[in-house]
Engineer: 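I am attaching a structure below and will ask some questions about it afterwards.
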Amino acid sequence: MSSRACPDWPALMEIAPDVQFRHYTLAEVQLPVDAFVRLEGFDPNAVSVCADLDQHVFNPDHTDPRIVEALRRTHWIDVREMSRGGG
């Protein structure tokens with residue numbers, strides 16, 4: 001699977017030291033079905049998602065806003081929630 005480290009990793013490590021954020025295409029991310037159906041019309045190879053796939057944590061600053069909105073209604077966690085003690 002092709003992926004690369006998020007350029008904001010130093011700041012993200014302060015918020016969530018056990019989370020490894022990488023950038024993925026939508027095709028690489030196995031989104032929950034309820035999020036995936038909200039994303040009709042996306043090119044799965046062109047959209048970037050910044051996340052830790054194993055821990056289901058995403059970085060909204062580097063993720064398309066429509067994907068962020070779709071993930072909010074799932075078990076995935078916004079890294080900013082972790083900084084507020086919500087994760």
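Quantities reported herein were computed from a predicted structural model and do not represent experimental measurements.
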Engineer: Who passes side chain to side chain donor-acceptor pair (under 3.5 Å) against D8, sequence neighbours left out?
Structural biologist: H62

Engineer: Given R22 and D52, is the side chain to side chain contact (heavy atoms under 4.5 Å, CB included) satisfied, shown in steps?
Structural biologist: CA-CA 6 Å; R22 300 203 184 282; D52 181 312; over 6 Å; no

Engineer: Less than 4.5 Å apart, side chain to side chain, heavy atoms only: is that true for V79 and P60?
Structural biologist: yes

Engineer: Any side-chain heavy-atom pair from V49 and T25 closer than 4.5 angstrom?
Structural biologist: no

Engineer: Answer whether the closest heavy-atom distance between the side chains of C6 and L12 falls below 4.5 Å.
Structural biologist: yes

Engineer: According to the ring-ring contact (aromatic ring centres under 6.0 Å, His included) rule, which pairs have a member within residues 63-83, sequence neighbours left out?
Structural biologist: H56-H75, H56-W76

Engineer: State which residues pass side chain to side chain donor-acceptor pair (under 3.5 Å) with E69; sequence neighbours excluded, sorted by chain then number.
Structural biologist: R73

Engineer: Would you check if the side chain of Q20 reaches a backbone N or O of A5 as a donor-acceptor pair within less than 3.5 Å?
Structural biologist: no

Engineer: For a quick test of reading the model, state the closest non-hydrogen atom pair linking E28 to L53 and the distance between them.
Structural biologist: O-CD1, 4.1 Å

Engineer: Would you be so kind as to tabulate the donor-acceptor pairs closer than 3.5 Å made by side chains of residues 30-44, with sequence neighbours excluded?
Structural biologist:
from: R38; atom 1: NH1; to: D34; atom 2: O; distance (Å): 2.9
from: D43; atom 1: OD1; to: N45; atom 2: N; distance (Å): 2.9

Engineer: Looking at N59 and C50, would you say the former's side chain and the latter's main chain have a donor-acceptor pair under 3.5 Å?
Structural biologist: no

Engineer: Of all residues at least two apart in sequence or in a different chain, which pass the salt bridge (Lys or Arg N to Asp or Glu O under 4.0 Å) check with D78?
Structural biologist: R72, R80

